[in-house]
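Structure first, commentary second.
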Amino acid sequence: MLDSAATTRLAPLGITQAAQVHLNLTPEQLTQEALRRHEGVLTDTGALMADTGQFTGRSPKDRFVVKDAGTADSVWWGDINIPFAEDKFDQLHQKMVQYLADKEIYVRDAYAGANPDYQLKLRVVNELAWHNLFCYNMFLRPAEGADTSWTPDFSIICAPGFEADPAVDGTRQKNFAILNFSKKMILIGGTGYAGEMKKGIFGVLNYLLPHERATLPMHCSANVGKDGDTAIFFGLSGTGKTTLSADPNRGLIGDDEHGWTPDAGIFNFEGGCYAKVIDLSAEKEPEIWNAIKAGSIVENTRFVPGTTTVDYANKSVTENTRTAYPINFIPNAIEPSVAEAPKNIFFLTADAFGVLPPISKLDKSHAMYHFMSGYTAKVAGTEMGVTEPQTTFSACFGAVFLPLHPTKYAEMLGKKMDENEVNVWLVNTGWSGGSYGVGSRMKLGYTRAMITAALNGELNDVEFKKHPIFGVEVPASVPGVPTEILDPRATWADQEAYDKTAADLAQKFVANFQKYADFANDEILAGAPKTAVEASV
Ligand SMILES: Nc1ncnc2c1ncn2[C@@H]1O[C@H](COP(=O)(O)OP(=O)(O)O)[C@@H](O)[C@H]1O
Ligand SMILES: C=C(OP(=O)(O)O)C(=O)O
Ligand SMILES: [Mn+2]
């Protein structure tokens with residue numbers, strides 16, 4: 001029998017039985033629970049170290065959306081939003097409820113959305129104590145003493161130990177993450193990758209906010225300068241959103257997911273950060289380094305042998321090692337995490353071909369074209385099966401999280417750009433001096449210097465040169481950055497090879513853009529690269 005606080009929260013989710021319900025435990029209690037249950041071990045910083053199991057990244061092929069009367073016509077169906085049958089969802093839900101009936105479960109009330117006017121009330125049910133700590137860190141925490149016995153706007157049931165039977169459950173394999181907008185519920189099973197929970201709620205907001213609140217959801221990080229000037233950094237996983245938004249001279253708004261409202265600026269969806277820690281060092285990323293302490297989680301890391309010190313160079317489990325901490329573990333984080341509309345927008349791309357300049361300025365045409373294209377490389381680790389950089393065009397720099405057609409979001413961004421005075425920059429945090437395997441990743445210190453210069457207005461008066469193929473404006477000099485690295489062609493030993501690679505990449509852009517032929521107009525197409533055919537005319 002569950003007590004009344006548990007019944008209020010769980011009966012609406014069909015859960016009437018559990019060995020024990022741990023409701024809204026503190027981070028200290030959850031850390032102790034995780035240790036007691038051998039879900040993880042303590043590191044010498046006080047952080048909890050846990051493994052996610054077989055799945056060490058998201059599994060986009062196992063992410064589904066329930067197709068029913070409410071979603072059939074609004075969700076964009078295709079390879080991204082894989083349809084899932086209503087009755088199969090109900091069946092899996094029942095099975096999960098049964099699975100949890102003899103287990104201790106961890107339940108949490110939380111919010112998504114740092115602006116109270118745009119907030120979702122959440123309820124999370126976890127099989128694992130450390131996952132519940134992840135949710136404490138990553139979602140927004142209700143004020144002490146607040147009544148959180150609410151009817152949630154959305155719920156998550158996450159049971160990594162529960163495995164689906166693809167033959168009868170309608171899944172592809174044993175693991176799944178299924179969004180059900182009518183039942184307002186996300187089911188996650190068969191995977192222990194904690195990121196599925198936060199990206200699941202991101203998917204929910206990406207559906208609800210454009211529809212219901214005229215608000216643009218964005219896969220971006222955000223920070224704000226001393227004068228209140230906001231910058232946002234769009235980018236697919238691994239391109240540098242988290243790293244580059246942690247800046248000692250600017251207040252942190254958030255590292256991954258934000259909404260741009262009609263008239264209340266931007267707000268963070270989350271209450272914490274989920275940073276990659278592969279090769280983390282105190283020198284290069286001091287804010288993140290110092291955030292790893294009691295209350296934080298480190299995922300899929302290993303110790304220096306004979307110690308409880310994390311060896312951040314160790315990739316034996318995955319390259320996608322992570323830490324999750326509440327945003328207030330970053331000293332200059334701003335709470336509530338809201339800010340004015342951005343003055344600068346950065347599109348981060350990790351270009352594995354080493355073709356795009358390390359920084360360039362985009363006009364509206366180029367901005368729209370690049371936003372729709374979402375060109376980057378998937379870097380190793382965050383998605384299952386990706387072991388080395390893989391070229392991708394991910395619309396809006398986050399296509400895998402978008403329930404609506406990408407053009408919906410692009411239209412909204414276009415309007416925002418018309419209404420606001422905003423600079424748009426394309427930043428290549430990927431390769432230079434050649435393509436992947438030849439060149440090396442752009443030096444983080446240089447990328448930081450370029451972004452700082454853009455933000456401080458130091459690029460307002462420098463000379464710009466149009467890139468011959470991509471048409472973007474490349475600054476001739478940037479304070480603190482060696483001039484020779486600004487022109488990508490000049491960094492290649494073989495400059496003819498650069499020209500050929502750049503031409504091939506332009507072709508790829510054009511081929512990818514064909515799927516937006518109906519949407520594209522002259523303004524957007526003016527941002528397209530010149531292909532070999534056009535260039536020779
Ligand atoms: N020039 C660079 N700019 C940004 N990140 C870089 C750069 N060079 C290497 N990195 C590394 O790439 C990773 C970027 O990951 P992260 O900031 O977590 O990306 P995201 O938040 O977009 O998924 C970090 O491990 C960072 O140290
Ligand atoms: C958590 C994720 O986000 P990011 O890598 O963009 O930080 C993810 O993609 O699984
Ligand atoms: Mn990130």
Side-chain angles (χ1 to χ4, degrees), residues 52 55-60 63 134 137-138 177 191 193-203 218-223 232-247 252 254-258 268-270 272-289 299-300 312-313 315 318-325 327 346-352 354 356 358-359 374 376-384 386 389 392 394 397-401 427-433 439-452 481 485:
T52 62
F55 294 93
T56 54
R58 279 178 300 100
S59 191
R63 184 237 187 224
F134 178 88
N137 288 351
M138 294 306 302
T191 170
Y193 181 61
E196 296 281 9
M197 292 184 280
K198 65 161 244 149
K199 287 299 212 242
I201 291 298
F202 186 46
M218 306 177 290
H219 190 217
C220 70
S221 61
N223 64 21
I232 60 177
F233 304 83
F234 282 95
L236 207 61
S237 185
T239 54
K241 293 182 300 299
T242 301
T243 305
L244 298 169
S245 60
D247 178 335
L252 178 67
D255 83 325
D256 199 42
E257 311 168 1
H258 294 81
N268 190 355
F269 293 168
E270 302 184 283
C273 304
Y274 193 33
K276 290 180 193 67
V277 294
I278 198 70
D279 295 324
L280 183 73
S281 73
E283 295 70 37
K284 282 195 209 142
E285 297 173 67
E287 293 84 11
I288 295 172
W289 178 273
E299 267 178 43
N300 294 325
Y312 290 110
K315 304 181 184 174
T318 174
E319 286 203 43
N320 189 30
T321 53
R322 295 265 179 170
T323 179
Y325 47 81
I327 193 164
F346 295 88
F347 295 155
L348 306 177
T349 174
D351 171 18
L356 295 176
I359 188 164
T376 190
K378 288 183 188 169
V379 300
T382 23
E383 279 185 14
M384 296 311 294
V386 178
T392 186
S394 182
F397 299 99
V400 287
F401 312 115
V427 171
N428 175 10
T429 66
W431 278 260
S432 76
S440 54
R441 187 118 188 225
M442 193 69 55
K443 270 202 174 123
L444 178 54
Y446 292 158
T447 301
R448 286 198 196 280
M450 290 182 240
I451 286 172
T452 300
V481 178
I485 73 158

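For ligands, and for the atoms within them, numbers begin at 1 and follow the listed sequence. We use all heavy atoms of the structure for the numbers below, so side chains are in, but hydrogens, waters and symmetry mates are not. In this text the structure is predicted, and so the values were computed from the model without any measurement.
Salt bridge present: Lys198 and Asp256 bring a charged side-chain N and a carboxylate O closer than 4.0 Å.
Each of the atoms 23 (O) of ligand 1 lies under 4.0 Å from some heavy atom of Ser237. Short contacts between ligand 1 and Met442, defined as distances under 4.0 Å to a heavy atom of the residue, involve ligand atoms 1 (N), 2 (C), 7 (C), 8 (N). Short contacts between ligand 1 and Thr243, defined as distances under 4.0 Å to a heavy atom of the residue, involve ligand atoms 14 (C), 15 (O), 16 (P), 17 (O), 24 (C), 26 (C). Below 4.0 Å from some heavy atom of Tyr193 lie the following atoms of ligand 2, by number and element: 1 (C), 8 (C), 10 (O).
Phe55 and Tyr193 have their aromatic ring centers separated by at least 6.0 angstrom. Less than 6.0 angstrom separates the ring centroid of Phe134 from the ring centroid of Tyr274. For His219 and Phe401, the ring centers are positioned less than 6.0 Å apart.
Here Asp255 has no heavy atoms under 4.0 Å from ligand 2, in either its backbone or its side chain. At a 4.0 Å heavy-atom cut-off, ligand 1 touches Leu236 through the backbone alone. With a 4.0 Å heavy-atom cut-off, ligand 1 is reached by no atom of Lys284. Proximity of Thr447 to ligand 1, defined as any heavy-atom pair under 4.0 Å, is confined to the side chain (atoms from C-beta onward).
For the Mn ion (ligand 3), the N/O/S atoms of Ser221 include none lying under 2.8 Å.
Ligand 2 lies nowhere less than 4.0 angstrom from a heavy atom belonging to Gly195. The closest approach between Glu285 and ligand 1 falls below 4.0 Å for a heavy atom of the residue.
Among Gly238, Cys273, Ser221, the residue whose heavy atom lies nearest to atom 13 (C) of ligand 1 is Gly238. The heavy atom nearest to atom 5 (N) of ligand 1, considering only Lys443, Arg441, Lys241, is found in Arg441. Closest heavy-atom approach to atom 7 (O) of ligand 2 among the candidates Glu257, Lys198, Arg322, His219: Arg322. The residue among Asn320, Thr429, Asn428 with a heavy atom at the shortest distance from atom 3 (N) of ligand 1 is Thr429.
Not one N or O on the side chain of Arg322 forms a donor-acceptor pair closer than 3.5 Å with the backbone of Ala275.
The aromatic rings of Phe234 and Phe397 lie tilted to each other, with the angle between the two planes from 30° to 60°.
Between Pro358 and Tyr446 the shortest side-chain heavy-atom distance does not fall below 4.5 Å. Glu257 has its side chain out of reach of Met218: every pair of non-hydrogen atoms, C-beta onward, lies at least 4.5 Å apart.
Below 3.5 Å of separation, one finds an N or O of Gly240 facing an N or O of ligand 1. No N or O atom of Thr242 sits closer than 3.5 Å to an N or O atom of ligand 2.
For Glu196, there are no salt bridge (Lys or Arg N to Asp or Glu O under 4.0 Å) partners, not counting sequence neighbours.
For the 3.5 Å distance criterion, the side chains of Thr56 and Asn300 fail to qualify, holding no donor opposite an acceptor.
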